[in-house]
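Presented below is the structure to which this report refers.
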Amino acid sequence: MNIFSFHQASDVASAIALKQSSASTRYLGGGTNLVDLMRETIEHPDTLVDVSHLSSTIEQGPDGRLSIGAGVKNTALAANDIVRAQFPLLSRAILAGASAQIRNVATVGGNILQRTRCRYFYDNAARCNKREPGAGCDALEGFNRYHAILGASQSCVATHPSDMCVALAALDAEVILDGPEGQRRMALRDLHRLPGDRPDIETELKPNELITSVEIPSHSFGQRAVYRKVRDRASYAFALVSVAAMLNVDEAGAVRDVRVALGGVAHKPWRALTLEGRLKGEKATAENFRAAAEAELADAVGLRDNMFKIELVKRTIVAVLEELKGEKA
């Protein structure tokens with residue numbers, strides 16, 4: 001039985017939430033994206049679970065850690081005074097994604113659990129391993145300008161669409177999960193899976209488990225942040241490439257700390273750990289930024305239509321870090 005947890009509070013969600021069941025969960029997904037997939041007859045869930053009762057509060061603890069309920073609307077999160085002042089990377093990423101109308105109804109939990117997808121996933125006439133395991137992937141030889149260059153497989157080359165999740169990955173966010181076995185927490189960068197040979201399984205969620213909140217630790221240099229999204233049109237478009245970055249440079253001009261995450265390049269938000277490791281302790285120069293970007297993209301593989309992404313990512317990383325280096329502490 002296919003059961004979907006629905007991270008969207010709307011009239012549509014409330015109406016179909018009556019179809020509840022105690023059966024085990026095959027996949028846990030949701031958000032405004034689920035409505036689209038049902039309308040396009042791509043998904044046919046037997047049961048939907050209304051999760052609009054989940055927390056919609058934003059609270060900061062004494063240690064500066066920010067707790068965000070899974071039911072918080074994207075608009076409310078982006079506009080929150082604490083987020084704008086202390087975690088501007090998150091606010092900027094949210095505002096770079098979707099339309100105001102979607103942000104007004106979309107929730108944090110739904111944003112995180114939207115499907116990783118491409119145009120072939122929506123096309124019932126196309127082969128798609130994500131939609132039908134073992135069917136094949138038409139994107140490999142099709143139009144693949146928007147597809148993955150990191151962590152992909154012969155089974156799937158789709159990219160995760162969320163802007164918010166890229167910022168959360170850079171911010172060391174954790175998701176709080178609740179299920180039959182109790183509560184647990186996981187780094188957001190570990191929640192989503194690379195495709196391997198099962199691209200239809202997108203997260204590390206266990207059966208009957210759902211996201212109840214997200215927590216972000218305090219960052220002493222979190223105000224020095226940039227979210228840059230490169231896309232084919234100025235609004236309402238998925239990223240060709242996006243870079244979320246924070247940088248802390250000491251008085252001698254060396255990198256004290258750095259956080260970088262990439263979007264539009266992989267099946268999941270991509271935390272640039274190799275780049276970060278290369279830069280810490282090094283001089284904050286364009287040359288070192290470029291060398292670290294080269295190291296991060298060393299295993300990148302382009303397809304026919306997206307080879308340009310490899311160079312685009314490197315240049316965007318350098319430009320973003322150069323911008324941050326020029327900001328005053």
Side-chain angles (χ1 to χ4, degrees), residues 88-90 92-93 96 144-152 157-173 187-190 192 194 219 221-222 224-232 238-250 252-327 329:
L89 185 64
L90 180 56
R92 293 167 188 170
N144 42 45
R145 174 176 173 83
Y146 296 95
H147 290 68
I149 57 174
L150 290 169
V157 289
T159 56
H160 194 272
S162 174
D163 293 285
M164 184 190 78
C165 286
V166 180
L168 289 175
L171 287 163
D172 296 315
L188 180 124
R189 68 173 183 262
D190 297 329
H192 299 96
L194 293 176
H219 290 278
F221 61 108
R224 302 183 67 184
V226 168
Y227 184 76
R228 184 168 299 182
K229 182 176 182 178
V230 182
R231 45 191 164 178
D232 281 336
F238 290 157
L240 284 169
V241 167
S242 64
V243 175
M246 301 186 297
L247 181 67
N248 187 6
V249 179
D250 65 22
V255 175
R256 181 182 290 122
D257 208 346
V258 60
R259 301 284 191 279
V260 175
L262 308 174
V265 299
H267 202 257
K268 59 183 287 184
W270 188 271
R271 180 68 180 268
L273 296 175
T274 298
L275 176 147
E276 293 174 10
R278 286 285 295 266
L279 281 181
K280 288 179 182 177
E282 298 295 323
K283 288 291 185 180
T285 64
E287 292 76 16
N288 285 338
F289 295 156
R290 176 72 190 200
E294 293 275 3
E296 186 65 46
L297 275 293
D299 295 329
V301 177
L303 301 168
R304 183 193 63 205
D305 300 322
N306 72 355
M307 288 292 295
F308 71 93
K309 273 193 178 187
I310 299 174
E311 179 63 22
L312 179 61
V313 173
K314 296 173 184 177
R315 293 188 182 190
T316 306
I317 289 171
V318 173
V320 165
L321 293 177
E322 281 285 282
E323 180 180 341
L324 285 169
K325 184 182 72 173
E327 291 186 3

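All residue numbers in this chain count up from 1 along the given sequence.
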(message) Closer than 3.5 angstrom, by distance alone: can the side chain of Lys283 be matched with the main-chain N or O of Gly253 as a donor-acceptor pair?
(response) no
(message) For Ala266 versus Ala148, what's the shortest heavy-atom pair and its separation?
(response) CA-CB, 3.9 Å
(message) Counting C-beta onward and ignoring hydrogens, is there a side-chain heavy-atom pair between Val258 and Leu321 closer than 4.5 Å?
(response) yes
(message) So does Leu171 get a backbone contact from the side chain of His219, meaning a donor-acceptor N/O pair under 3.5 Å?
(response) yes
(request) Check whether any side-chain N or O of Asn288 sits under 3.5 Å from a backbone N or O of Thr285 as a donor-acceptor pair, and report yes or no. (result) no
(request) Find out whether Leu279 and Phe289 are in side-chain contact, i.e. whether some heavy atom of one side chain is under 4.5 Å from a heavy atom of the other. (result) yes
(message) With a 4.5 Å cut-off on side-chain heavy atoms, are Trp270 and His160 touching?
(response) no
(message) So for atom CZ, which belongs to Arg315, do other residues, nucleotides or ligands contribute more than 12 heavy atoms lying within a distance under 6.0 Å?
(response) no
(message) Rounded to the nearest 0.5 Å, what separates atom CZ in Arg92 from atom NZ in Lys229?
(response) 15.5 Å
(message) Using only atom types and a distance under 3.5 Å, with no angle test, would you say the side chain of Asn306 pairs donor to acceptor with the backbone of His147?
(response) yes
(message) Here's a test for you: under salt bridge (charged side-chain N to carboxylate O under 4.0 Å, His left out), which of Glu322, Glu282, Glu311 qualifies with Arg290?
(response) Glu311
(message) So that I can tick it off, tell me whether Glu276 and Arg271 are bridged by a salt bridge, with the cut-off set at under 4.0 angstrom between side-chain N and carboxylate O.
(response) yes
(message) Main chain of Asp305, side chain of Asn144: is a donor-acceptor contact present, judged purely on distance under 3.5 Å?
(response) yes
